[in-house]
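For clarity, every value in this text was computed on a predicted model and none was experimentally measured.
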Amino acid sequence: GLVCDLLWSDPNPDSPGWGESIRGVSYVFGHDVIRRFCEKHDLDLICRAHQVVEDGYEFQADRQLVTVFSAPNYCGEFDNA
């Protein structure tokens, strides 16, 4: 449903539009989707979380989207401290 998709959908710089997520739940979306959403809703930046990224943050789509992840060494598997 909507809440699940808001939480689990992830940006994918390698493919435009929408696609199935490798997580096995929800979707991935391309930078074209980010640009259209920001334009339609007059937004400069979308801030999101819930996805492991190096250095604790990662910008995409010409800095129109930032993912913030503040759990260093997540599950002892990631070197994102």
Side-chain angles (χ1 to χ4, degrees):
L2 177 61
V3 175
C4 177
D5 291 336
L6 287 172
L7 179 63
W8 290 103
S9 293
D10 296 320
N12 183 350
D14 299 323
S15 64
W18 293 91
E20 291 186 27
S21 175
I22 61 171
R23 292 188 199 223
V25 63
S26 200
Y27 302 95
V28 294
F29 51 91
H31 288 182
D32 58 324
V33 173
I34 298 165
R35 287 187 196 99
R36 282 196 313 267
F37 186 87
C38 285
E39 185 176 307
K40 179 178 180 177
H41 297 286
D42 195 28
L43 297 172
D44 295 320
L45 179 67
I46 300 168
C47 298
R48 62 181 295 274
H50 218 272
Q51 180 183 13
V52 177
V53 292
E54 292 294 323
D55 301 322
Y57 68 96
E58 180 180 88
F59 283 98
Q60 293 191 41
D62 297 322
R63 299 180 73 90
Q64 287 186 303
L65 180 139
V66 64
T67 299
V68 179
F69 193 81
S70 61
N73 196 25
Y74 182 64
C75 295
E77 296 181 24
F78 296 94
D79 185 24
N80 62 325

Query raised in the report: Once the angle between the rings of Phe59 and Tyr57 is folded into 0 to 90°, is it parallel (under 30°), tilted (30 to 60°) or perpendicular (over 60°)?
Result: perpendicular
Query raised in the report: When the ring planes of Trp8 and His50 are compared, do they come out parallel, tilted or perpendicular, using 30° and 60° as the limits?
Result: perpendicular
Once you round to the nearest 0.5 Å, how far does [atom1] of [X] lie from [atom2] of [Y]?
X	Y	atom1	atom2	result
Ser21	Asn12	OG	CG	9.0 Å
Ile34	Leu43	CD1	CG	12.0 Å
Phe37	Leu65	CZ	CG	10.5 Å
Asp10	Ile22	CG	CD1	8.5 Å
Asp62	His31	CG	NE2	8.5 Å
Arg23	Gln51	CZ	CD	5.5 Å

Query raised in the report: Taking all atoms of both residues into account, what is the closest heavy-atom pair of Val25 and Cys4, and its distance?
Result: CG2-SG, 3.5 Å
Query raised in the report: Nearest heavy-atom pair of Ala61 and Arg35: which atoms, and what distance?
Result: CA-NH2, 4.4 Å
Query raised in the report: In terms of hydrophobic clustering (I, L, V, M, F, W, Y; side-chain heavy atoms under 4.5 Å; direct or indirect links), are Val68 and Leu45 co-clustered?
Result: yes
Query raised in the report: So if you build clusters from Ile, Leu, Val, Met, Phe, Trp, Tyr with side-chain heavy-atom gaps below 4.5 Å, do Val33 and Ile46 land together?
Result: yes
Query raised in the report: Backbone N or O of Gly17 within a donor-acceptor pair of the Asp32 side chain at under 3.5 Å?
Result: yes
**Report entry** Main-chain N/O of Ser9 paired with Arg48 side-chain donor or acceptor, under 3.5 Å
**Finding:** yes
